[in-house]
Amino acid sequence: MMKNIYLVCFAFVFFVSNSFAQTTQNITAVLGAFDEEVRILQESLKDKKEQKVEGIRFVTGTLNGRKVVVAETGIGKINAALTTSLLIHTFHPREIIFTGIAGGVNPDLMPGDIVIAQSIAYHDFSTILHNREPSRQTRNPITKELNPEYFPADSVLFLKAQKASRTARFEKIALTNRAPQVIVGRIVTGDIFVSSSEKVQQLRRDFNAEATEMEGAAVAQVCWQLKVPCLVIRSLSDKADENARGDMMTFYKTAAKNSAALVTEIAGLIK
């Protein structure tokens, strides 16, 4: 009887351990909010296969020698979090890269330039802690622990992105013929398309942000809570000022191409 119990316990431990070992797959996930941002990457894939999960289209294949899964999240934090959660549950990626366009907050940056996020935060989240102190920190709903105010980039991906930026072939910026600049810094996320010089100044002052967008921190939070390495990369389509909408339409395709070019180069460095 005791021997049988030991055998059952051993079998259970083996099953759980084996299941855990199979949880993370040797595949890199790449997400983007807009069709143009992910279409370029999906068209570059070799051995493409398509799968839909809850109606969301995921495309797997090989990008620059690396097995990847690519998907469009849609605009906004909730859409980004939903797609990220479904992706992790379905494909169990080893790491996630979020890519696409953003508005510039650093006045020295121009459309077409790229920001590799060293950290990322919400600019539109605020709560009151039990001690009545205001906080921008979200809370893990399972552990009840506070998340970081600034989600850090995965250090390995961050270094690979910097290395890749030195060899990636970027498209020059339309109208100026200027080669894009690549910097590292902070990106902020909020459910608003920023088109205000006053708001830009506030984001620069309060967060020391380089760029602003609508999805990255939500992806970073999901990855942080589920312990999946994450990196956010943004190519600027505008300066988030009163001309943001028009500039985005002008520079959108160049920004998307440059972001995709950097992701492709990073994929070649991941083993």
Side-chain angles (χ1 to χ4, degrees), residues 23-102 114-117 120 153-154 156-158 160-161 164-165 168-171 187 189 213-220 222-223 226 228-235 237 252-271:
T23 297
T24 301
Q25 303 297 318
N26 190 25
I27 186 171
T28 300
V30 181
L31 295 172
F34 291 92
D35 173 72
E36 186 76 16
E37 296 168 347
V38 298
R39 181 185 58 79
I40 298 169
L41 292 167
Q42 288 175 343
E43 290 179 350
S44 301
L45 297 181
K46 296 180 179 179
D47 304 318
K48 283 191 289 188
K49 292 182 180 178
E50 181 179 325
Q51 178 178 343
K52 286 192 175 181
V53 180
E54 300 296 337
I56 297 174
R57 179 172 175 258
F58 294 91
V59 181
T60 58
T62 303
L63 179 68
N64 198 12
R66 175 64 181 166
K67 185 178 180 182
V68 299
V69 53
V70 184
E72 177 184 344
T73 65
I75 300 170
K77 296 184 297 187
I78 292 177
N79 286 334
L82 170 65
T83 304
T84 304
S85 300
L86 288 174
L87 184 149
I88 292 173
H89 179 74
T90 305
F91 295 94
H92 310 289
R94 199 175 72 183
E95 58 267 315
I96 293 179
I97 300 172
F98 194 92
T99 180
I101 64 172
I114 293 174
V115 180
I116 302 170
I120 190 160
D154 176 72
V156 174
L157 289 174
F158 184 67
K160 288 185 186 300
S165 70
R169 294 184 178 181
F170 298 121
E171 186 174 292
I187 295 174
T189 299
E213 37 86 299
M214 299 176 68
E215 299 84 22
V219 175
V222 172
C223 288
L226 298 181
V228 179
C230 177
L231 179 70
V232 177
I233 295 168
R234 291 294 194 170
S235 183
S237 60
Y252 170 54
K253 290 190 175 181
T254 298
K257 287 179 182 177
N258 286 339
S259 190
L262 181 53
V263 170
T264 300
E265 199 73 10
I266 294 170
L269 297 176
I270 298 175
K271 305 299 181 186

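S235 approaches S259 most closely through the heavy-atom pair CB-CB, 3.8 Å. Residues S165 and F170 come closest through the heavy atom pair O-CE1, 3.7 Å. Here the closest non-hydrogen pair linking R169 and A261 is O-CB, 3.6 Å. The two residues A117 and L231 make their nearest non-hydrogen contact at O-CD1, 3.8 Å. Smallest separation of non-hydrogen atoms from T189 and G216: OG1-N, 3.5 Å. Across all their heavy atoms, L45 and V59 have their closest contact at CD1-CG1, 3.7 Å.
Proximity of a side-chain donor or acceptor of N258 to a complementary backbone N or O of E171 within less than 3.5 Å is detected. Without hydrogens or angle criteria, T264 side chain to A260 main chain gives a donor-acceptor distance under 3.5 Å. For the pair R94 (side chain) and Q25 (backbone), a donor-acceptor distance under 3.5 Å is absent. N64 contributes no side-chain N or O that, together with a main-chain N or O of A267, makes up a donor-acceptor pair within less than 3.5 Å. The main-chain N or O of Y252 is never found under 3.5 Å from a side-chain atom of S237 such that the two would form a donor-acceptor pair. Between the side chain of T73 and the backbone N or O of A80, no donor-acceptor pair lies under 3.5 Å.
Remark: E54 CD is loosely packed, at most 12 non-hydrogen atoms of other residues, nucleotides or ligands lying under 6.0 Å away. Sparse packing is recorded around CD1 of I78, with 12 or fewer heavy atoms of other residues, nucleotides or ligands lying under 6.0 Å away.
Using a 4.5 Å heavy-atom cutoff, the side chains of T60 and Q51 are not in contact. With contacts defined as side-chain heavy-atom distances shorter than 4.5 Å, the pair D35/E72 qualifies. Residues S44 and L63 form a side-chain contact, since some pair of their non-hydrogen atoms from C-beta on lies under 4.5 Å apart. Residues I88 and I96 form a side-chain contact, since some pair of their non-hydrogen atoms from C-beta on lies under 4.5 Å apart. Within the 4.5 Å cutoff, the side chain of R39 has no heavy atoms near those of the V70 side chain. When side chains are defined from C-beta on, I233 counts as touching I266, because their heavy atoms get closer than 4.5 Å. Between I101 and E213 the shortest side-chain heavy-atom distance does not fall below 4.5 Å.
Note that SG of C223 and CG of D154 are 10.0 Å apart. Values are rounded to the nearest 0.5 Å. Annotation: the span from T28 atom OG1 to F91 atom CZ amounts to 13.5 Å, rounded to 0.5 Å. Atom-to-atom distance recorded for T23:OG1 and H89:NE2 is 11.0 Å, nearest 0.5 angstrom. Atom-to-atom distance recorded for I27:CD1 and K67:NZ is 5.0 Å, nearest 0.5 angstrom.
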>> Walk me through whether E50 and R57 qualify under salt bridge (Lys or Arg N to Asp or Glu O under 4.0 Å).
In response: CA-CA 7 Å; E50 181 179 325; R57 179 172 175 258; 2.9 Å; yes
>> As a quick check of understanding, evaluate salt bridge (Lys or Arg N to Asp or Glu O under 4.0 Å) for K160 and E95, giving each step before the final call.
In response: CA-CA 13 Å; K160 288 185 186 300; E95 58 267 315; over 6 Å; no
> Going through the checks in order, is the side chain to side chain contact (heavy atoms under 4.5 Å, CB included) test met by L41 and T99?
Replying inline: CA-CA 10 Å; L41 292 167; T99 180; 4.2 Å; yes
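No option in I116, I114, I187 other than I187 meets the side chain to side chain contact (heavy atoms under 4.5 Å, CB included) test with R234.
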